[in-house]
2 protein chains.
Amino acid sequence: MTAATPGRPLRADAARNRAKVLEAAGAVFAERGPSASTEEVARRAGVGAGTVFRHFPTKEALLEAVLVALLEDHAREARARIEHDDPGAAFFGFFTRVVERAATKNALSGALADAGIDPRQATGEAGAALKRALGTLLERAQAAGAVRADVTLAEVLALLAGMSHAAGHGGDGRALEIVFDGLRPR
Amino acid sequence: MTAATPGRPLRADAARNRAKVLEAAGAVFAERGPSASTEEVARRAGVGAGTVFRHFPTKEALLEAVLVALLEDHAREARARIEHDDPGAAFFGFFTRVVERAATKNALSGALADAGIDPRQATGEAGAALKRALGTLLERAQAAGAVRADVTLAEVLALLAGMSHAAGHGGDGRALEIVFDGLRPR
DNA sequence: AATGATTCGGAGTGTTCGCTCCGATTCTAG
DNA sequence: CTAGAATCGGAGCGAACACTCCGAATCATT
């Protein structure tokens, strides 16, 4: 429940502040990690602590909202690649892109899991949309012969989640290439 | 500094309590995550809070000690496999084993990183020993033709770290197989 | 422009948790 | 067995932090 149902259309300044808080939260959590205090988010957004909690009733809700925004961004990019790139390049390019931008996302879902919340359920529609887009990317790449036909979406998701966490561990660029070799037909 | 230098040999009950605390910490952090309180560790170990802090002067030191114990355990197993299994089976078997047992390790190093501590530096010798053992495993597997010759230890470490985090994401069993396919010669 | 409703800000609250302190307890040397 | 030292236990301290409350400020409507 991340304030999904706008009972009333939200006042102008309220909407502006909500956006500022969300953006500040994204930046702060990316820099200082999800354990950064809500007060720091409020300071960065230029609002009071009360304002943060009115829009996001709990810290977990704020983490969720940031994570959802990230997933929506990814899904948007996946759909763009479906239209513009060729099947193989679209799939591998998107995979690489998600891995590159994964640092924040991992920390967020880790923090949610730590609080006893299932990230997959929390992200709801946003996660499902990203999954659908990735599924399309995969199907097209398989149809074009760029990816083995016996690979399932669940396996790709596992690999994506895994390699996202491998970033920053040294030889992660070539490590991705090794995974891609495993995904390609022999 | 995880009480590495025994200035004096440590009294009998002190050594016993230290071991109890370390074991309890391993269990508690595995179950409740690294954010579990030290008091819970003390309770589980059947000692007072003061005792925990005498042996591990800070909570981070306790997390470090648990992580080091895990790494030492892995290194021990790697050396055992070097002696008993054939090169290919030793390498892939050890890789699989580490991934299976990775849940706790990941949470621990995550928590350390969150506290501004570099896990690689903190684990010191234990991490280096594990790295050496894995290096031997890799060389032997490559010499036997079970693993591509152009793969480096750094890349294997990145893949290992990554796939450790992929556990529990659904199709992680077959996902590992895909990575292994990428590691094998064509 | 004025009024009523909504939102803002930040001081304040209650709680959690890491860590300390010291009297009581347990161990070891002679 | 006994004295002296090392260790233990857990109540208590202080800081950090998520969250609340309410007077002041801002917005929408007539």
Side-chain angles (χ1 to χ4, degrees), chain A residues 1-3 5-25 28-29 31-66 107-108 111-112 114-117, chain B residues 1-3 5-25 28-29 31-66 107-108 111-112 114-117:
Chain A
M1 317 265 167
T2 42
T5 52
R8 251 170 302 181
L10 212 52
R11 224 170 71 178
D13 56 341
R16 209 179 318 140
N17 273 333
R18 200 189 124 90
K20 280 200 294 185
V21 168
L22 197 55
E23 185 187 334
V28 168
F29 291 146
E31 285 174 22
R32 306 256 198 276
S35 64
S37 70
T38 52
E39 231 165 320
E40 191 166 347
V41 172
R43 217 177 306 134
R44 176 85 150 242
V47 302
T51 304
V52 175
F53 282 98
R54 191 166 324 98
H55 289 298
F56 307 96
T58 186
K59 187 183 182 177
E60 294 155 13
L62 182 56
L63 291 171
E64 266 185 45
V66 173
L108 289 174
L112 285 176
D114 209 57
I117 294 180
Chain B
M1 317 269 166
T2 44
T5 52
R8 249 170 302 182
L10 210 53
R11 223 169 69 176
D13 56 341
R16 209 177 318 138
N17 274 334
R18 200 188 125 89
K20 279 200 295 185
V21 168
L22 197 55
E23 185 188 333
V28 168
F29 290 147
E31 285 173 21
R32 307 258 197 277
S35 64
S37 70
T38 52
E39 233 167 317
E40 190 165 346
V41 172
R43 217 177 308 134
R44 175 85 151 240
V47 302
T51 303
V52 174
F53 283 98
R54 192 165 323 100
H55 288 298
F56 307 95
T58 186
K59 187 184 181 175
E60 294 155 13
L62 182 55
L63 291 171
E64 266 185 46
V66 173
L108 288 174
L112 285 175
D114 209 55
I117 293 180

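Labels below follow one simple rule: chain letters A, B, ... track the order of the sequence lines, proteins then strands, and each chain is numbered from 1. Because the structure is predicted, anything quoted here is derived from the model rather than measured.
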field: With A/Arg43 via salt bridge (Lys or Arg N to Asp or Glu O under 4.0 Å) - residues at least two apart
entry: none

- prompt: Rounded to the nearest Å, what distance is computed from the CG atom of residue A/Asn17 to the P atom of nucleotide D/dT26?
  reply: 12 Å

- request: Would you mind reading off the distance between A/Asp13 atom CG and D/dA28 atom P, rounded to a whole angstrom?
  value: 7 Å

query: Please give, in whole Å, the distance from D/dG9 C1' to B/Arg44 CZ?
result: 20 Å

- line: Quick note, A/Thr51 side chain, CB onward, closest among C/dT7, D/dG9, C/dG9 is C/dG9

Under 3.5 Å, which protein N or O atoms sit close to an N or O of nucleotides 13-16 of chain D? Give each pair with its distance.
none

field: Polar side-chain atom of A/Lys59 near backbone of A/Pro34 as donor-acceptor pair, under 3.5 Å
entry: yes

statement: OG1 of A/Thr51 to CZ of A/Arg18, rounded to nearest 0.5 Å, is 13.0 Å

query: Got a second to check how far B/Phe29's CZ is from B/Leu108's CG, nearest 0.5 Å?
result: 7.5 Å

task: To the nearest 0.5 angstrom, please state how far the CG atom of A/Leu10 sits from the NE2 atom of A/His55.
output: 6.5 Å

field: Side-chain heavy-atom pair A/Arg54, A/Asn17 within 4.5 angstrom cut-off
entry: no

statement: Taking every heavy atom of B/Ala45 against every heavy atom of B/Val21, the minimum-distance pair comes out as CB-CA, 3.9 Å

task: Report yes if at least one side-chain N or O of B/His55 is closer than 4.0 Å to OP1 or OP2 of D/dT7; otherwise report no.
output: no

message: If you define the side chain from C-beta out and look only at heavy atoms, does anything of A/Glu31 sit under 4.5 Å from A/Glu40?
response: no

message: Rounded to whole Å, how long is the line connecting atom CZ of A/Arg43 with atom P of C/dG9?
response: 14 Å

message: What's the closest nucleotide to the side chain of B/Ala12 if the choices are C/dC27, D/dC8, D/dT26?
response: C/dC27

query: Minimum heavy-atom separation for A/Ala36 to A/Arg32, with atom names?
result: CB-CB, 3.8 Å

message: How many whole angstroms separate atom CG of A/Leu10 from atom P of C/dT7?
response: 7 Å

- prompt: Along nucleotides 15-25 of chain C, 5' to 3', which nucleotides get a B, which get an S, and which get a -, given that the test is a protein heavy-atom distance under 4.0 Å?
  reply: ---SBB-----

